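Just so we're on the same page: letters track the sequence lines, and every chain starts at 1. The analysis underlying the following values was restricted to heavy atoms, covering all of them including side chains, and did not include hydrogens, waters or symmetry mates. Bear in mind the structure is a predicted one, so any value in this text is a computation, not a measurement.
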Amino acid sequence: MGKEITSRSQDYAQWYNDLILKSGLADYSAVRGCMVIKPYGFALWENMRDELDRMFKDTGHVNAYFPLFVPKSLFEAEEKNAEGFAKECAVVTHYRLKTDPENKGKLIVDPEAKLEEELVVRPTSEAIIWNTYKGWIQSYRDLPILVNQWANVVRWEMRTRLFLRTAEFLWQEGHTAHATKEEAIIEAEKMLEVYADFAENFMAVPVIKGLKTANERFAGAEETYCIEALMQDGKALQAGTSHFLGQNFAKAFDVKFSDKTNTLDYVWATSWGVSTRLIGGLVMAHSDDDGLILPPKIAPLQVVIVPIYKNDVEKGAIANKVHQLVSEFKQLGIRIKFDDTDNARPGWKFAEYEMKGVPVRVAIGPRDLANNMAEVARRDTKEKLSVSLDNLPYYIKTLLDEIQLNLFTKAKQFRDEHITKADTWDDFVKLLDEKGGFVAAHWDGTGETEDKIKELTKATIRCIPLDNKQEDGTCILTGKPSIQRVLFARAY
RNA sequence: CGGGAGGUAGUUCAGCCCGGUAGAAUACCUGGUUUGGGACCAGGGGGUCGCAGGUUCGAAUCCUGUCCUCCCGACCA
């Protein structure tokens, strides 16, 4: 027997864990809250990273790298930001171990190697970066600075979940400096567009672009923009954020520039990031009870060819033909694998590649070869078709585009069906409990009401959509006047 | 961080209550038969029972501590 996956209806959380582990995306590790990203999962991340990196460069950004450690004094310089992260920071206090005199072969922290100043392991890099920018910026001619870094960060989470929330994770963080407020806001909005474009066109995950409320805003930001996605269980997932930081960090780190009139002013800032959490969202947006379903544009493998044969003669004839095909596929830029290993039979391979979410499977046996055909199976719909070998690579190139589009269309339809208006408290609660998804409801605009609703329903305001329609109404909880609906949901 | 569950072969698990030479299935290796949806037969290798102490003539089993994982909760820009 092979690997069994818990079904979504039986236990959604277990289904998610089974998928990650059994498809080979990641593993648990010996370190609390930290996971191992396995080669298959990392190949997926590399594809995502490469595409995002290309998009960042296309919008004028360059990459750099800043230290993992942040001296505590720098970290605390921007108070709100420091407070926001204080509870989840790992801190380095010593720089040396020594042999335990009481217990040979064991090591202890050398009490004489205590650091004069503790080092915070970065939960984000604003502090160390703004401390550095101070030395880079003197006049408006030094601006804008459009820097991104690919890095790991550490946030000491109490409860972790593979990809969605781990103590250490991989991400990119863009940190930009601008001469004007307007330019910084445009930058924050531009990067939100980049994230939305990437999510929808590469991950095939539809997202809602919006603004966070004051309660949900990044500590240290003036405004937090976000993209929110919807998972199959009806819970929302924040998939990316972009912050307009105002002059908060410039003031905290004393970063001033002289403008054209030689007047000194503080620099305007943004920061924006997406992380390996996107992989968790990707898994939960598309996959089914048979395994992962990956969108072709970022799937590590787009096509797998499984040969079917009774003996070496048949195997050889098939391999001959397939080797030709494989080079044609590669010329079209398709990521393909010919699985001619002998240690598993075709049926086993079919199930395995379905588990791994490979978008297209091609099976070729003696009968196909005689007819110059192949059996093509698509992962998203499970449909099988016989296709001529003559135009197979071109056929599949088109099919991959079709699958990409189909995944997005399906996810978008699900998402759209799960944005529901509620005008009474009873409806509101009932929708959250029974249907899930986003509930569009009026809100009086206060943090107190938001907190109260969270306490009562566990739902938070995911965002105020950017293109939100203005309409008069009354708050779902307090009945006070409201000018627009906001999106509530239970979230990861 | 609180409550619950768990950790024994690569994997899934039995054995633990009631201490006495560590088991099954599957995977793996060899040979053979097979191969169009998770093959079969025969033979074989593989585990300091999470780790560290303790009790005992003897510990996977009892006791204490500790680490890791899962679920629920609190927390989580």
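An OP1 or OP2 oxygen of B/rG37 is reached within less than 4.0 angstrom by no side-chain nitrogen or oxygen of A/Lys384. Between A/Arg32 and B/rC68 there is a side-chain polar atom (N or O) within less than 4.0 angstrom of OP1 or OP2. Between A/Arg367 and the phosphate of B/rG36, there is no side-chain N or O to OP1/OP2 separation shorter than 4.0 Å. The phosphate of B/rG36 has OP1 or OP2 within less than 4.0 Å of a side-chain N or O from A/Arg345. An OP1 or OP2 oxygen of B/rC75 is reached within less than 4.0 angstrom by no side-chain nitrogen or oxygen of A/Lys87. Between A/Tyr309 and B/rU34, a side-chain N or O to OP1/OP2 separation shorter than 4.0 Å is absent.
B/rG50 and B/rG7 are spaced 8 Å apart, taking the P atom of each and rounding to whole Å. B/rA39 sits 14 Å from B/rU26 when the C1' atoms are compared, rounded to a whole Å. Separation of the P atoms belonging to B/rG58 and B/rG43 is 39 Å when rounded to the nearest angstrom. Here, B/rA74 and B/rG6 have their P atoms 24 Å apart, quoted to the whole Å. The gap from the C1' atom of B/rU8 to that of B/rG46 amounts to 14 Å, rounded to the nearest Å. Between B/rC75 and B/rU12, the distance separating the two P atoms is 33 Å to the nearest Å.
Among the protein residues, A/Gly365 comes within range of the nucleic acid bases, having at least one heavy atom under 4.0 Å from a base atom. No engagement by A/Ala221 is indicated, since no non-hydrogen atom pair under 4.0 Å with the nucleic acid exists. If you check every strand for non-hydrogen atoms under 4.0 Å, A/Glu216 touches sugar and phosphate atoms only. At the heavy-atom level, A/Asn17 lies under 4.0 Å from the strands shown only through sugar-phosphate atoms. Counting non-hydrogen atoms under 4.0 angstrom, A/Glu354 reaches a base of the nucleic acid. A/Gly273 comes within 4.0 angstrom of nothing in the nucleic acid, heavy atoms only.
With B/rG73, B/rC76, B/rC70 as the candidates, the nucleotide lying closest to the side chain of A/Lys458 is B/rG73.
Base pairing analysis places B/rC17 opposite nothing; no Watson-Crick or G-U wobble pair with both distances below 3.5 Å involves it. In a base pair of the Watson-Crick type (N1 to N3 plus N6-O4 or O6-N4) or a G-U wobble (N1-O2 and O6-N3), with each distance short of 3.5 Å, B/rC28 is matched with B/rG44. Remark: B/rU55 base-pairs with no nucleotide; criterion is Watson-Crick or G-U wobble with both hydrogen-bond distances under 3.5 Å.
Closest-nucleotide positions on RNA chain B for A/Asp368 and A/Gln238 were compared, and the one nearer the 5' end corresponds to A/Asp368.
Annotation: side chain to side chain donor-acceptor pair (under 3.5 Å) contacts of A/Ser386 (sequence neighbours excluded): none. Evaluation of the side chain to side chain donor-acceptor pair (under 3.5 Å) rule for A/Asp18 yields A/Thr6, A/Gln14 as partners, not counting sequence neighbours.
With A/Phe218 as the aromatic partner, A/Lys212 does not meet the cation-pi criteria of under 6.0 angstrom to the ring centre and within 45 degrees of the ring axis. Taking the ring axis of A/Phe350 as reference, the NZ or CZ atom of A/Arg361 stays within 45° of it and closer than 6.0 Å to the ring centre. For A/Lys235 and A/Tyr492, the positive end sits near the middle of the six-membered ring, less than 6.0 Å away and at most 45° from its axis.
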